[in-house]
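Just so you know, ligand 1 is whichever comes first in the structure, and atom 1 is the first atom listed for that ligand.
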Amino acid sequence: MGTLWGGRFTKQTDAVVAEFTNSIHFDHVLAKYDCLASLAHIAVLKKTKLLTISEHRQLEGGLNRILKSIDAGTFMPDFQFEDIHSYIQHLLEKDKRVGKAALKLHTCRSRNDQVTLDTKIYCLDQILGIERQLTILIQNLTELADKNAHIVMPGFTHLQHAIPVALFDQLNAYCEMFRRDEVRLMNIFESIRLYMGAGAVAGTMIPSANYQQKLSVDFHKDIEPPICPVDTVSDRDFVLDMLYAEAMIGQHLSRMAEDLILWATKEFDFIDIDDAFCTGSSLMPNKKNPDVLEMVRGYAGRLYGNLTSVFIMMKGLPLSYNRDMQLDKEPLFESTDLILKELAVVAALVKNIKFKESSIQDQLEDECLYATDIADHLVKNGVAFKDAHRIVGELIKYKIDQNVELRALSEAELHRIHPSLSQDIINRVINPQRSISEKKSIKRGK
Ligand code: ARG
């Protein structure tokens with residue numbers, strides 16, 4: 001198959017070598033971005049008079065026809081080609097309306113520069129896609145939190161029942177994680193500089209000013225001449241930034257998945273996950289399993305692995321471009337596709353969660369949950385916190401040892417534990433709504 005090189009070779013590439021080095025079976029994902037980058041490149045060539053106006057028009061027409069076929073879903077990459085760049089070159093050469101102009105496309109261009117720019121544009125586009133999905137997930141979580149804002153539930157630390165917490169805050173914790181993910185992605189978006197003109201490593205003969213132009217899609221990003229061509233073709237920081245941001249989203253999703261898995265168990269019994277988002281057992285007819293959430297939890301490992309694999313691949317690479325760097329793409333594409341899929345399925349799942357209010361209410365009956373509230377109350381009445389902590393600790397110990405309800409203790413028993421305790425305090429403080437309303441430190445609203 002036609003390659004972008006070959007003149008100095010006396011032999012055909014061995015079939016095993018082609019099979020081993022070809023990347024089109026995965027880098028065809030870059031087709032759209034390669035065409036966009038090529039449209040920018042031919043504008044530079046026209047400006048530099050390395051293309052005539054009609055040659056430019058011919059190439060532009062050819063590239064736009066390919067873009068149209070990608071949009072229409074009819075673009076079928078031929079996996080016998082080395083990579084997507086060679087295949088697009090081939091399509092242009094084959095396109096009668098482009099004619100001989102196709103042979104000028106690669107003027108002053110190296111795939112080292114081309115693939116870096118293509119991958120950067122891919123990252124920009126995917127960031128916007130992930131961002132859209134994150135917004136939907138945050139919106140669905142916020143709606144769920146608002147709808148159930150009246151619910152108080154046991155809060156956990158060390159996975160032990162700790163103190164009542166507002167369900168709203170519990171769900172908003174995930175929103176906060178995903179909001180940080182949005183900021184992280186937008187920072188990466190801002191940091192990506194679209195350089196063109198690095199050539200293979202040393203720059204090209206085209207004056208730098210001619211490289212300055214708009215990218216033909218609406219990314220609000222300019223293409224600029226390289227500040228350092230050696231760095232431009234060596235840089236894969238942006239790939240690692242993407243993989244890190246995706247691994248982080250994967251971590252957040254997996255933590256939320258784990259909570260929801262626990263909450264759906266008989267032991268916790270806080271939520272019901274809609275049947276449409278669960279699967280069954282082939283043997284046990286009673287089973288309803290949270291497989292979606294288990295896979296979300298499991299995929300975090302894949303996302304971390306993809307980040308690690310590119311980190312290790314880049315370690316110690318000499319300047320500038322090395323073919324090792326082709327190995328950045330499968331992890332990048334896989335992590336991006338995974339995150340998009342995970343966000344879509346989790347957003348739909350959370351929308352359909354039902355909270356089991358009476359079961360949650362039953363669990364709030366545990367008087368131990370209010371120990372801190374009783375201590376706070378004593379503090380408000382002038383007891384030093386360290387003393388209050390000890391007094392309530394003794395009260396809880398008495399409750400456990402005697403296997404009694406605090407609310408059932410007599411005034412005399414309470415006084416014997418400590419004179420500052422009373423039935424009135426116990427009855428007033430053991431109340432989930434009061435517990436929540438006493439928490440004044442939280443900044444509510446925007
Ligand atoms: N497929 C290559 C990659 O993804 C494109 C660059 C190839 N350059 C080269 N000089 N062989 O990295």
Side-chain angles (χ1 to χ4, degrees), residues 1-9 11-38 40-41 66 70 75 77-92 105-126 192 194-204 226 228-243 306-307 309-337:
M1 277 302 137
T3 53
L4 290 166
W5 46 272
R8 62 100 71 210
F9 286 77
K11 286 187 177 174
Q12 280 285 315
T13 310
D14 194 290
V16 238
V17 172
E19 159 83 20
F20 185 66
T21 56
N22 286 2
S23 55
I24 190 161
H25 54 287
F26 54 84
D27 70 15
H28 65 87
V29 169
L30 294 177
K32 174 178 160 191
Y33 312 105
D34 196 67
C35 289
L36 295 175
S38 288
H41 177 68
I66 298 173
I70 297 167
F75 180 80
D78 180 346
F79 286 179
Q80 291 185 73
F81 282 81
E82 185 182 352
D83 54 24
I84 191 60
H85 325 293
S86 319
Y87 181 59
I88 287 177
Q89 173 69 40
H90 162 81
L91 289 180
L92 293 169
L105 175 67
H106 214 59
T107 310
C108 290
R109 201 181 197 193
S110 156
R111 281 178 297 169
N112 303 352
D113 194 26
Q114 189 174 353
V115 76
T116 309
L117 181 58
D118 291 2
T119 312
K120 283 180 175 173
I121 306 173
Y122 165 89
C123 288
L124 295 179
D125 201 16
Q126 300 305 317
I192 291 176
L194 300 176
Y195 296 125
M196 190 180 222
V201 55
T204 76
C228 173
V230 184
D231 177 60
T232 297
V233 296
S234 305
D235 172 28
R236 290 295 178 275
D237 294 4
F238 62 97
V239 172
L240 284 161
D241 284 346
M242 275 296 276
L243 286 166
N306 286 342
L307 169 65
S309 88
V310 177
F311 250 131
I312 296 171
M313 179 274 286
M314 288 301 290
K315 177 197 169 292
L317 276 191
L319 293 175
S320 59
Y321 176 81
N322 299 273
R323 191 66 175 265
D324 316 44
M325 289 155 80
Q326 177 170 291
L327 308 186
D328 65 349
K329 283 176 204 61
E330 286 157 298
L332 176 66
F333 300 159
E334 189 192 35
S335 286
T336 304
D337 290 348

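- Side-chain contact between Q114 and H106: present, with at least one pair of heavy atoms (C-beta onward) separated by less than 4.5 Å.
- Sorted by chain and number, the heavy-atom contacts of ligand 1 below 4.0 Å come from S23, D83, R111, N112, V115, Y321, R323, Q326, K329.
- Between V201 and Y321 there is no side-chain heavy-atom pair separated by less than 4.5 Å.
- Ring-plane geometry between Y122 and Y33 is classed as perpendicular, the angle between the planes exceeding 60 degrees on a 0 to 90 degree scale with a lower cut at 30.
- Listed by chain and residue number, Y87 satisfy the ring-ring contact (aromatic ring centres under 6.0 Å, His included) test with F75 (two or more places apart in sequence, or in another chain).
- Residues satisfying the salt bridge (charged side-chain N to carboxylate O under 4.0 Å, His left out) test with R8, not counting sequence neighbours, are none.
- Applying the salt bridge (Lys or Arg N to Asp or Glu O under 4.0 Å) definition to pairs two or more places apart or across chains, those involving residues 309-328 are E82-R323, R236-D328.
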